[in-house]
2 protein chains.
Amino acid sequence: MRELCLPLGLTEEELQRLDDLVSNRRRLKRGDRLYSFGAPFDAIYAIRSGFFKTDVLLEDGREQVTGFQMAGELLGLDGISSEHHTCNAVALEDSEICAIPFSRLEVLSREIHTLQHHFHKVMSREIVRDHGVMMLLGTMRAEERLAAFLLNLSQRFTARGFSHADFYLRMTREEIGSYLGLKLETVSRTFSRFQEEGHIAVQQKHVRILDVAGLKALMNYRG
Amino acid sequence: MRELCLPLGLTEEELQRLDDLVSNRRRLKRGDRLYSFGAPFDAIYAIRSGFFKTDVLLEDGREQVTGFQMAGELLGLDGISSEHHTCNAVALEDSEICAIPFSRLEVLSREIHTLQHHFHKVMSREIVRDHGVMMLLGTMRAEERLAAFLLNLSQRFTARGFSHADFYLRMTREEIGSYLGLKLETVSRTFSRFQEEGHIAVQQKHVRILDVAGLKALMNYRG
DNA sequence: CATCCCGGTTGACGTGGATCAAGCTTGGAC
DNA sequence: GTCCAAGCTTGATCCACGTCAACCGGGATG
């Protein structure tokens with residue numbers, strides 16, 4: 001956890017103060033909302049365990065999933081700008097989070113330079129990630145989108161010590177589709193095609209990646 | 001300029017220190033790059049005047065425009081995460097920017113709380129903006145995307161004291177298309193359709209918005 | 001002045017993914 | 001165990017947007 005979401009090179013005393021900051025824990029069951037669009041913002045959240053999605057809704061009900069977050073990642077950065085949350089965060093499995101009161105984070109990051117810099121990097125990384133999603137939504141075809149999605153999940157599971165090639169999806173086809181700008185049927189069909197072509201083995205939410213190179217190759221060529 | 005991109009409520013002395021920070025000006029001609037993908041990051045940039053695009057490229061040459069920036073907006077936030085720029089920033093007209101050395105900004109924002117908070121808000125606003133683009137790319141149809149784009153431009157021009165209804169586009173149809181996830185022909189056709197329907201008058205880069213309500217109405221209903 | 005060229009428009013046609021619809025699988029409730 | 005609802009798969013058809021191609025218009029160049 002520390003390696004993933006906290007800066008290195010802190011003194012014992014600094015670590016202690018950080019631990020105080022993130023001491024406010026909370027458990028959520030699958031389906032629970034961590035926060036909702038429009039709610040007042042006063043804390044960001046570090047995921048200790050579990051899996052989340054964030055989404056934004058249009059007035060007519062259309063949903064865009066803006067991200068899937070797992071242990072070690074932060075939620076709520078969108079709320080800083082307007083003092084209100086601008087999306088919904090929903091637990092996709094039973095999860096545990098730390099609430100980090102934002103005003104206290106700002107105080108502490110004035111005193112601990114590495115914390116300040118780390119926090120800026122985390123926000124910036126979120127912006128870079130979003131640009132990657134724009135690239136995906138703006139220029140890629142369905143196959144490329146799903147391949148990129150699977151490879152990204154695989155890489156993040158690996159970073160957390162799980163198998164890079166064998167995992168359970170926490171989200172539905174519809175949620176994957178919303179994230180990737182596709183309909184659930186297209187997601188399902190593309191899974192099936194990947195399976196026929198031997199790139200993966202998929203049965204409902206259980207995915208095994210059989211051919212990483214093949215998936216990567218799908219991403220770089222038209223046709 | 002100050003109203004748009006600087007925090008309010010600073011003392012004279014604080015303002016002086018800020019002015020020192022942003023004293024490093026630079027002029028760019030149309031087509032010049034402010035920075036390129038992979039270049040070392042050491043400063044963010046405030047646009048004093050002019051117009052920019054940022055884009056990311058895939059290995060096979062596909063381009064995704066990630067944003068259009070105008071006076072008072074910041075460029076380069078993407079570079080903080082990895083100490084290298086992760087996109088290209090290109091001037092779409094002759095422009096002037098202030099380079100803000102990032103390490104100095106971090107020092108100063110430790111001392112001026114309102115600056116720190118303002119900077120966090122700016123980064124967060126960028127994240128929120130990106131979510132809006134995801135929504136646009138993931139769920140909207142061509143008409144909705146272009147209407148949203150025009151209304152957004154209009155609103156930003158208004159905030160800068162320009163006409164909300166009469167402006168020149170600084171970017172090509174292809175760049176608009178790249179931003180909106182459409183081909184240039186689709187952008188062109190959709191402009192023509194908007195004109196036929198009386199929502200706008202368009203001649204090449206000159207756009208007049210005739211019916212704001214009509215454009216807004218286009219955005220919320222399927223079909 | 002003529003020429004070039006880049007960007008824009010428009011038309012004809014093709015297609016990837018959406019839509020509509022029918023089963024199927026699975027896991028939780030009882 | 002049975003039942004049911006939610007989610008997944010698959011097929012048939014449709015259509016919004018992409019592709020390909022022709023042409024136009026205006027500003028830069030010589």
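Atom-to-atom, CZ of Arg30(B) to P of dC6(C) comes out at 13 Å; the value is rounded to the nearest Å. In this structure, Gln195(B) places its CD atom 8 Å from P of dT10(C), rounding to the nearest Å. Atom-to-atom, CZ of Phe194(A) to C1' of dT9(D) comes out at 16 Å; the value is rounded to the nearest Å. For the pair Glu175(A) CD and dA6(D) C1', the computed distance is 12 Å after rounding to whole Å. Protein atom CE of Met140(B) is 13 Å distant from nucleotide atom P of dC17(D), rounded to whole Å. One can place OH of Tyr168(A) at 18 Å from P of dG7(D), the figure rounded to the nearest angstrom. For the pair Leu180(B) CG and dC17(D) P, the computed distance is 12 Å after rounding to whole Å. Between the P atom of dA18(C) and the CZ atom of Arg62(A) lies a distance of 13 Å, rounded to the nearest Å.
Phosphate contact (OP1/OP2 of dA6(D), side-chain N/O of Gln204(A), threshold under 4.0 Å): absent. In this structure, Lys205(A) does not reach the dG7(D) phosphate: none of its side-chain N or O atoms is under 4.0 Å from OP1 or OP2. Checking the phosphate oxygens (OP1, OP2) of dA18(C), a side-chain nitrogen or oxygen of Thr186(A) falls inside 4.0 Å. Taking side-chain N and O atoms only, Ser188(B) has no distance below 4.0 Å to OP1 or OP2 of dT10(C).
In this structure, Arg193(B) does not pair ionically with Glu196(B), as no charged nitrogen and carboxylate oxygen lie closer than 4.0 Å. Ion pairing between a basic and an acidic side chain is recognised when a charged N comes within 4.0 Å of a carboxylate O; Glu73(A) and Arg125(A) show no such pairing. A salt bridge links Asp94(A) to Lys29(A): one of the charged nitrogens lies within less than 4.0 Å of a carboxylate oxygen.
Between the side chain of Arg189(A) and the base of dG11(D) there is at least one donor-acceptor pair of N/O atoms closer than 3.5 Å. Scanning atom types as modelled, no donor and acceptor separated by under 3.5 angstrom connect the side chain of Glu185(A) and the base of dC8(D). You won't find any donor-acceptor pair under 3.5 Å spanning the side chain of Arg193(B) and the base of dT9(C), going by distance alone.
Taking the side chain as every heavy atom from C-beta outward, Tyr179(B) and Phe149(B) approach each other to under 4.5 Å.
Looking at residues two or more places apart in sequence or on another chain, you find a side chain to side chain contact (heavy atoms under 4.5 Å, CB included) between Phe37(A) and Asn88(A).
You'll find that the side chain of Leu182(A) is closest to dA18(C), out of dC17(D), dA18(C), dG16(C). Across dT19(C), dT9(D), dG18(D), the shortest atom-to-atom separation from the side chain of Lys183(A) is found for dT19(C).
The neighbour count for Arg27(A) CZ, taken as heavy atoms of other residues, nucleotides or ligands under 6.0 Å away, does not exceed 12.
Relative ring orientation between Phe194(A) and His199(A) is described as perpendicular, the plane-to-plane angle rising above 60° on a 0-90° scale split at 30° and 60°. Below 30°, between 30° and 60°, or above 60°: for His85(B) and Phe41(B) the angle between ring planes is above 60°, a perpendicular geometry.
Across all strands shown, Gly181(A) has heavy atoms under 4.0 Å from sugar-phosphate atoms exclusively, and none from any base.
Taking five base pairs at each end of the helix from dC1(C)-dG30(D) to dC30(C)-dG1(D) and finding the rotation axis that steps the C1' atoms of four pairs onto the next four gives two axes whose angle is 40°, to the nearest 10°.
If you find the closest nucleotide of DNA chain C to Gln203(B) and to Arg145(A), the one lying nearer the 5' end belongs to Gln203(B).
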